[in-house]
Each structure stands twice: as structure tokens, then as C-alpha cells.
Amino acid sequence: MGTARITSDPLLLEELLLGSPTPTDGAQVVFVGVVRNHAEGRPVRGMRYEGYEPMALEVLQAIVGEAEERHEVGSVVAAHRLGELEIGEASVAIVVSGPHRDAAYRASRYVIEEIKRRLPVWKHEHFVDGGERWVPGTHLTPDSPAPYTPGDPGLPLPPREVQGHG
Amino acid sequence: MGTARITSDPLLLEELLLGSPTPTDGAQVVFVGVVRNHAEGRPVRGMRYEGYEPMALEVLQAIVGEAEERHEVGSVVAAHRLGELEIGEASVAIVVSGPHRDAAYRASRYVIEEIKRRLPVWKHEHFVDGGERWVPGTHLTPDSPAPYTPGDPGLPLPPREVQGHG
Amino acid sequence: MDLDVLFFASYRELVGTPSVRITLPVDATVSDLVEEVRARGEGFSRLPDRPAVAVNRSVVPHAHRLESGDEVAFLPPVAGG
Amino acid sequence: MDLDVLFFASYRELVGTPSVRITLPVDATVSDLVEEVRARGEGFSRLPDRPAVAVNRSVVPHAHRLESGDEVAFLPPVAGG
């Protein structure tokens, strides 16, 4: 059921919504992450996303599978974009459909938090003042069980070690 | 910024997404509630939504305003449909845009939970076997402070008295 | 004073009409109104004795004093979304 | 054995190339590989001494034993989404 996509093409919501909801679904939760014009108070001009594509696809497929397994949802579709993005363009889109809203919200949240923690993708921020930087990220560690806990309130997980690049 | 709509026309996502996200927004959370083909294990054919329209509009406007006030989001748009709906049709749609995803998820959840608790709307379920019923709901009480608490984890609130109609 | 009272959903079906005009003494409360409405018999008497009542589109306590021209509605438990 | 090692994002910029071929003794571990890579000097020596390393698209402990044909990548802290 779940679909994962890593692409350099613009993310089209209509496309990601195809086939959803099904007749058994009562709730649909869509998350879209977009490039915004500021970071920590500094005006941003755009963002370049770089990924380790084959690994990113495998990790995203795993995340989508986990979301479907751990939450009672009908289907999860997640897509992450790579390349040069302008302000307002979508970098990530997640569509969750299922019988009940609570599980749909939780699954949606699970996918975006895991994307931020685990997806081998990096972003290079271009500031309006001409500066640029690699956005500080999360240090990956050898595969550990995913951080889901039965009481998971659908909230962000405690951050793992966050650091600038080495 | 916030917009509330009570309408007998189909809810069009494209329309509700107009003007969103703005350049300061990094996250967009969309919730769509749809009529599903089963309720407590019994096959459902469709649903008729009835509302006390002027009050429903005022309450929805209040909910949208509260969501914007209590969560750091750019804009909230909420629409609720009335009339005869078929399986798969959207009864409610909420679009939240803002700088950060955590606030966007929480605001979205706030709006749908408050809609369920407070909006003067009733649904009449038509079962495939020919039966029908008014869906049991929440007894309204005189306006009390909205249930937001500073530590609100964006989760469903403890149910108020839920009962069949009197 | 005369007030038009609205009924929705299951209450509308119960009383068989979306609205009735009720005559009440000045200074009547919501509680008085509910009593008056239920006293009409048949479906009306099957309304709960403490229904949610909105005056001018806000749910009010039953001790709330009514005024001429108020928009009054009997609201069954809500189930939007 | 010979292995192609991939570098991404800030690491790629640091070492000035997206990949290098490294020759290692049989039975070498990720730890040995990191040491060998950092010994190339210049940008390579500025890589962290405990970078995240993926072998065949999974992050592995530094004690992991490498095999000929493995797909190896040095991954800076990730920031997707």
C-alpha cells in the first residue's frame, strides 16, 4: 500500500492524493514541508537538497512501512524532493489516509519526524546576504530499533545528537 | 487571517489552499474528514449533515481564531459541509500553514477536536441495511473557557459527556 | 413576551417542527422556557428536562434570563466533523 | 580489496570529490577504512574520526567488517525534510 518517492521533479499534491481516500477511510492528513524565507532570523533566498538517492529511497520506504505497521491507517504516501528549490516550493509531502483521525495524525507525524532523523538528505541554505551553509543535522548511528513506543503521543521524539557537520 | 466556512457545496481542496503557504511558512498541515462506508462495523450508505448555520459559522470562526492565537501559525482555514454526502465525500477540511510543523500539527488537531466538541452540527447516518440514526454526540454546556492548556500535546482532549440524543 | 424557539436534528424530529412561538412572562428564564415547551405535550414532553439551549447563538445556563427578540434554539448533543 | 567510497554534501566539499577508490587488506573494518581515508591528508584529514558510515545503504558500527564489492558512503549529519 505505502509508497515512497525520492525525486527531482516538483511535488504535485494532486498526484500524491490519487487513489486516496478509499471508501473505508474517514480521515486524511496531509503534511507539506516548504522552503521558507528565513532561518534563525536570517533571510533565505533558496535551498539546495542533496541526497544519497538509493539509500534515501530505501530508508523512506522503511519509514512508510513502519508508519503503516504501527498505526491503524489505510495508506501512507511520502515523497521527498532533491535539487534547487525556491521559497514556497515543497521539499517533502506526506499523505496519510485511514479510518480514524488519531492514527492518521500520528502516522503523519511519525513519518516527518523519522524523515528528519534518518533520511540521508542534506540541505544547503542560500542566504539573501550571499552567505550559505549546510544546515546542521542529526548524526546517524548504526541501525537501531525505530523509536516508536506504544504510548507514542505523536509528538517529536527527544532529539538525538544534533551537530554541525564534522 | 483565519477563514471559516459553512457550506452546502462540495469542499474543494484547491480553493482552501489558495494563498497558502506564504513565504514565511515552512509547514502546511491539511486535515480532511470524509464519510466512510462503515460505523461500528455496520455498512454505511451515506450521511446527512444538518447544522444551525449562523451559530455554526460563529463557533467555527471562534475556533479558527483560537487556533491562530494559541499556536504560532500563519493562517488557519476551516470549512464544514452540510447536506447529503456520499461515501468518500469531504465533510470537513482544515488547512493550517505556519513557520514550524509542530505548531501547525497542534493547531490542526485543535481545530478538528473543537469542531467535534462544539460545532452545532448533527449527522444522520444511513445504513446499507436501510436503518438510520442520529450519530451520538457531545452535550453542549454553557460557554466555558476553551480547553487549551499550555502543555497541550496536540492530542484529543478527554471526552466531555458523550451521550445519545436525549 | 413572544419568542421563536428553534429545534434541530433529533429534537426537530421529536417535536415535529423546526420552530414554535412561545409566550412567556417578562423576566422568564431558560428554565421557564424549557418547562413551557415540554408542557405542550406529545413529542415536546419527550425532550430532555435539561437540554442545551443557545440564546443568540451561545449556549447559556438554564438560569439565564430571556429577553424579547432573543434567538433561542434547543440543541441535541452535537456530532460535527 | 578495492572499495569505492562515496562522500556526500559537506564531506564531499571537504574532500573535493564525490568518491575515491581505497585499497584495504582483506578483513579490514570500517574503522580501518576511516583511518586509511583520513591518512590521505588535506581535506580528508579534516573528516571527523568517527563519521557515520553506511555499508550497502545501512549505517554500521565501526567494527563492521568490510567485504569486496560493498557500497560504502561517508554521511554527514542528515537534515532532510
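Letters A, B, ... are given to chains in the order of the sequence lines, protein chains preceding strands, and every chain is numbered from 1. As a basis for the values below, the full set of heavy atoms in this structure was taken, side chains included, without hydrogen atoms, waters or symmetry mates.
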Identify which part of B:Ser97 has an atom lying under 4.5 Å from any heavy atom of chain A, answering side chain, backbone, both or neither.
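Interface part for B:Ser97: neither.
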Working for side chain to side chain contact (heavy atoms under 4.5 Å, CB included), residues A:Arg109 and B:Asp102:
CA-CA 9 Å; A:Arg109 197 71 200 255; B:Asp102 186 60; 2.9 Å; yes
State the OH-CD distance between B:Tyr105 and A:Glu113, to the nearest 0.5 angstrom.
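Here the interatomic distance stands at 7.5 Å.
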Taking A:Leu13, A:Val96, A:Asp25, A:Leu17 one by one, which has the highest count of heavy-atom pairs under 4.5 Å against chain B?
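If we count pairs closer than 4.5 Å to chain B, A:Asp25 comes out on top.
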Only pairs of heavy atoms separated by less than 4.5 Å count here; which of A:Ser108, A:Ala104, A:Pro21 has the most with chain B?
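Top count of heavy-atom pairs under 4.5 Å with chain B: A:Ser108.
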What part of A:Pro23 is in contact with chain B, defined as an atom under 4.5 angstrom from a non-hydrogen atom: side chain, backbone, both or neither?
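Both the backbone and the side chain of A:Pro23 come within 4.5 Å of chain B.
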Do any of residues 83-95 of chain B come closer than 4.5 Å to chain A, heavy atom to heavy atom, and if so which ones, in number order?
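B:Ile87, B:Gly88 fall under the 4.5 Å cut-off.
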Taking non-hydrogen atoms and a cut-off under 4.5 angstrom, which of residues 29-38 of chain B neighbour chain A?
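So the qualifying residues are B:Val29, B:Val30, B:Phe31, B:Val32, B:Gly33, B:Val34, B:Val35, B:Arg36, B:Asn37, B:His38.
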